Trainee: 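One structure, as structure tokens, below. Some questions next.
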Amino acid sequence: MPTATPPHASAETLTVLGAGLVGSLLSLYLARRGHAVQVLERRPDPRREGSQEGRSINLALSDRGWRALEGVGVADDIRQVGIPMAGRVMHDAQGTLTRQPYGEAGQAIYSVNRGHLNRCLLDLAEAQPGVRLSFGQQCLRTDLKKQELHLLDTETQQARTEPYTRLFGTDGAFSAVRGALQKTDRYNYSQDYLEYGYKELTIAAGPEGAWQMEKNALHIWPRGQYLMIALPNLDGSFNCTLFFPYEGAESFAALQTPADVTTFFERVFPDAVPLMPTLTQEFFEHPTGSMVTIKCFPWKYDDDVLLIGDASHAILPFYGQGMNSGFEDCSVLNQLLDEHGDANWATVFAEFQTQRKPNADAMADLALYNFTEMRDRVGDPRFLLQKKIESRIAGQFPGRWTPLYSQVTFSHTPYAEAWAAGQTQDAIMARLMPHIHTEADFDQPAVQELVQQEMANKG
């Protein structure tokens with residue numbers, strides 16, 4: 001791990017509200033710059049209380065997240081507890097499997113347990129000189145004018161006031177810090193809920209911890225109006241998530257009894273049911289989670305408050321970029337501090353929101369786009385053929401055509417640039433695909449001529 005910077009002689013104490021994934025990583029970055037860091041978290045210490053209910057979904061770490069972890073020297077530690085997933089495996093209603101690689105040979109996203117990653121980052125942060133973690137500290141109110149946090153100790157029920165000099169709001173989609181900013185003049189804010197909820201389920205490990213499905217893949221059961229996914233765990237099990245409408249003929253509202261659940265799953269996910277011995281128990285015991293997109297601006301208040309991660313840009317989970325974009329926030333902030341200096345907070349905060357806001361908005365759009373793709377299209381033979389053709393074009397024009405997924409997942413191209421390039425390429429594919437019915441058609445002279453024309457126009 002890189003050597004920490006000695007504390008600045010005149011360094012102020014920085015306050016981080018929220019000790020989740022982004023807050024714990026941010027505290028590492030700030031401490032390694034020599035700052036004293038106070039971290040306040042509403043929940044109990046997860047290292048003592050275990051995983052929080054409803055927050056056990058496995059996460060997909062990709063290049064942006066890895067770079068942020070490398071920035072504080074912890075990527076190798078995390079890689080040891082992740083499982084590489086080189087592609088998708090789609091399961092149709094008959095149990096037939098179709099595979100689609102995510103990128104080029106050697107490229108993979110990593111399945112990592114949220115709770116384990118959070119506990120690891122907290123341990124690393126706590127080991128840093130100058131970091132102080134306090135749990136069970138609920139923020140009741142943020143007084144922006146007085147620069148005070150009004151806190152409640154959830155164990156003793158004692159209220160207190162905590163002053164801050166510089167406050168970083170990393171307290172998630174329902175941020176108390178953002179709640180205070182929303183009361184300021186001309187503050188823009190929106191939240192949009194998806195008409196789908198999610199339910200966490202489990203595919204059990206086989207004998208002696210064997211994986212009962214392909215280990216190094218993200219499994220998807222696309223069913224048109226809904227889908228189920230599964231990510232591998234180190235113990236041989238898979239964390240499954242059902243993304244399902246709240247209302248309708250096929251919805252959470254329609255599945256009221258264990259018999260309803262069993263009948264539905266046996267009809268729709270027949271190959272998964274034999275691997276899910278606790279299906280009905282989990283279905284009714286596990287909560288149904290909601291999914292929200294949050295956009296807001298500005299992300300700062302003067303030069304003493306800054307929102308980071310979900311507090312400023314909560315997105316849907318369908319591109320696996322929520323954590324990765326939050327981690328990228330930390331590395332971008334660190335780069336700006338390198339450029340402008342640790343005392344120039346006004347410039348750093350202003351530049352941070354200017355850089356990150358367009359990319360966060362683009363990622364929100366990308367996440368919704370990928371929901372439609374995963375739900376409706378990944379099981380469509382024409383879509384799979386199109387992906388193969390895109391790969392052929394990328395091979396024929398290296399550096400000039402990069403699939404959208406690769407730009408988002410396996411590069412550091414700003415999200416807004418990736419989204420714009422992806423829309424351009426989608427339009428090209430819409431013009432090419434009517435002339436292509438098999439992969440072999442790509443080599444036909446007439447098709448090649450069209451490809452050359454499109455690439456010439458693309459520039």
Side-chain angles (χ1 to χ4, degrees), residues 18 20-22 42-43 52-60 114 139 169-183 187-201 220-229 239-256 264 282-299 307-326 329 356-377 408 415 419:
L21 294 172
V22 173
R42 173 181 56 83
R43 295 170 297 157
Q52 298 296 301
E53 185 180 60
R55 297 182 62 84
S56 65
I57 287 180
N58 279 23
L59 301 166
R114 175 197 290 270
C139 182
T170 59
D171 50 337
F174 304 102
S175 167
V177 179
R178 190 192 63 240
L181 268 64
Q182 286 174 227
K183 296 181 177 69
Y187 195 84
N188 292 311
Y189 170 78
S190 68
Q191 68 176 35
D192 295 288
Y193 279 94
L194 199 62
E195 292 301 309
Y196 286 70
Y198 69 88
K199 180 84 69 174
E200 297 169 30
L201 304 166
I220 305 179
W221 289 260
R223 294 298 182 264
Q225 290 305 305
Y226 49 87
L227 75 154
M228 185 168 72
I229 67 170
N239 274 22
C240 294
T241 310
L242 173 66
F243 298 100
F244 206 40
Y246 280 108
E247 307 288 342
E250 292 184 322
S251 68
F252 285 116
L255 302 182
Q256 293 295 314
F264 172 76
E282 289 185 335
F283 191 91
F284 290 103
E285 288 184 357
H286 292 182
T288 301
S290 60
M291 291 174 284
V292 67
T293 298
I294 288 176
K295 297 180 180 181
C296 66
F297 198 78
W299 293 1
L307 302 176
I308 291 185
D310 282 357
S312 51
H313 53 78
I315 61 174
L316 302 176
F318 301 108
Y319 229 117
Q321 288 297 304
M323 170 189 60
N324 289 290
S325 64
D329 284 350
R356 295 299 289 163
K357 170 63 173 172
N359 292 313
D361 288 350
M363 192 59 248
D365 294 339
L366 280 160
L368 184 58
Y369 169 89
N370 212 45
F371 173 51
T372 304
E373 179 171 302
M374 292 175 70
R375 184 190 67 188
D376 299 346
R377 303 183 68 198
V408 171
Y415 289 128
W419 183 216

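Please read these numbers as outputs of a predicted model, since none were measured by experiment.
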Trainee: When the aromatic ring centroids of F243 and F318 are compared, is their separation below 6.0 Å?
Mentor: yes
Trainee: Looking only at heavy atoms, what is the nearest atom pair of Y187 and P298, with distance?
Mentor: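 Of all heavy-atom pairs spanning Y187 and P298, the closest is OH-O, 2.7 Å.
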Trainee: Mind checking the CG-CD spacing from L201 to E285? Nearest 0.5 Å is all I need.
Mentor: 11.5 Å
Trainee: Minimum heavy-atom separation for S325 to I315, with atom names?
Mentor: OG-CD1, 4.5 Å
Trainee: Please examine the side chains of F283 and L242, heavy atoms only from C-beta on, and report whether any two atoms are closer than 4.5 Å.
Mentor: yes
Trainee: Rounded at 0.5 Å granularity, tell me how far OG in S251 sits from CD in Q225.
Mentor: 12.0 Å
Trainee: With a 3.5 Å cut-off and no angle check, do the side chains of K199 and T288 form a donor-acceptor pair?
Mentor: yes
Trainee: What orientation do F174 and Y193 show, parallel under 30°, tilted 30 to 60°, or perpendicular over 60°?
Mentor: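 Correct class here is parallel.
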Trainee: Looking only at heavy atoms, what is the nearest atom pair of W299 and R356, with distance?
Mentor: CZ3-CB, 3.3 Å
Trainee: Give, for atom CG of N188 and atom CD of Q182, the distance between the pair rounded to the nearest 0.5 Å.
Mentor: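 Reported to 0.5 Å precision, the distance equals 10.5 Å.
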Trainee: Could you tell me if R375 sits above the aromatic ring of F371, with its cationic atom closer than 6.0 Å to the ring centre and no more than 45 degrees from the axis?
Mentor: yes
Trainee: Indicate yes or no: at least one non-hydrogen side-chain atom of P245 is less than 4.5 angstrom from one of F252.
Mentor: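 Answer no - side chains too far apart.
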Trainee: Can you find a heavy atom in the side chain of T241 that is under 4.5 Å from one in the side chain of M228?
Mentor: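 No, every pair of side-chain atoms sits at 4.5 Å or beyond.
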Trainee: Would you give the length of the straight line joining atom CZ of F244 to atom CD of E195, rounded to the nearest 0.5 angstrom?
Mentor: 14.5 Å
Trainee: For the side chain of N58 and the backbone of N239, is there at least one donor-acceptor N/O pair under 3.5 Å apart?
Mentor: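 No; judged by distance alone, with no hydrogens or angles, the pair does not exist.
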Trainee: Go through it in stages, so that I can follow the logic: the residues are D365 and K295, the test is salt bridge (charged side-chain N to carboxylate O under 4.0 Å, His left out), and I'd like the CA-CA distance, side-chain angles, deciding distance and then a yes or no.
Mentor: CA-CA 11 Å; D365 294 339; K295 297 180 180 181; 3.7 Å; yes
Trainee: Would you indicate whether the side-chain heavy atoms of L21 and L59 approach each other to under 4.5 Å?
Mentor: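 In contact.
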Trainee: Output, in order, the C-alpha distance, side-chain angles, deciding distance and verdict of side-chain contact (heavy atoms from CB on, under 4.5 Å) for N324 and Y319.
Mentor: CA-CA 10 Å; N324 289 290; Y319 229 117; over 6 Å; no
Trainee: Which pair of heavy atoms, one from A176 and one from D171, lies closest together, and at what distance?
Mentor: N-OD2, 2.7 Å
Trainee: Kindly indicate whether the side chain of V177, heavy atoms from C-beta on, has any atom under 4.5 Å from the side chain of L307.
Mentor: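 The answer is yes, as the side chains (C-beta and beyond) meet within the 4.5 Å cut-off.
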Trainee: Could you walk me through whether Y189 and Q191 pass the side-chain hydrogen bond (donor to acceptor under 3.5 Å, both in side chains) test, one step at a time?
Mentor: CA-CA 7 Å; Y189 170 78; Q191 68 176 35; 2.5 Å; yes
Trainee: Using every non-hydrogen atom in the two residues, find where A254 and A249 come nearest and quote the distance to one decimal.
Mentor: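 Closest heavy-atom pair between A254 and A249: CB-O, 3.4 Å.
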Trainee: With a 4.5 Å heavy-atom cut-off, do Y198 and M291 have their side chains touching?
Mentor: yes
Trainee: Is D192 close to I294 at the side-chain level, that is, under 4.5 Å between some pair of heavy atoms?
Mentor: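 Of all side-chain heavy-atom pairs linking D192 with I294, none is under 4.5 Å.
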Trainee: For the ring pair Y226 and Y246, is the centre-to-centre distance below 6.0 Å?
Mentor: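 No, the ring of Y226 stays outside the 6.0 Å limit from the ring of Y246, centre to centre.
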Trainee: Looking at V408, L316, L366, which one forms a side-chain contact (heavy atoms from CB on, under 4.5 Å) with Q321?
Mentor: V408
Trainee: Are I229 and W221 side-chain neighbours, meaning at least one heavy-atom pair lies under 4.5 Å?
Mentor: no
Trainee: Mind jotting down which residue pairs meet the side chain to side chain donor-acceptor pair (under 3.5 Å) criterion with at least one end in residues 307-318? Sequence neighbours excluded, please.
Mentor: H313-D329
Trainee: Which atoms form the tightest heavy-atom contact between C296 and R178, and what is the distance?
Mentor: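 The answer is SG-CD, 3.8 Å.
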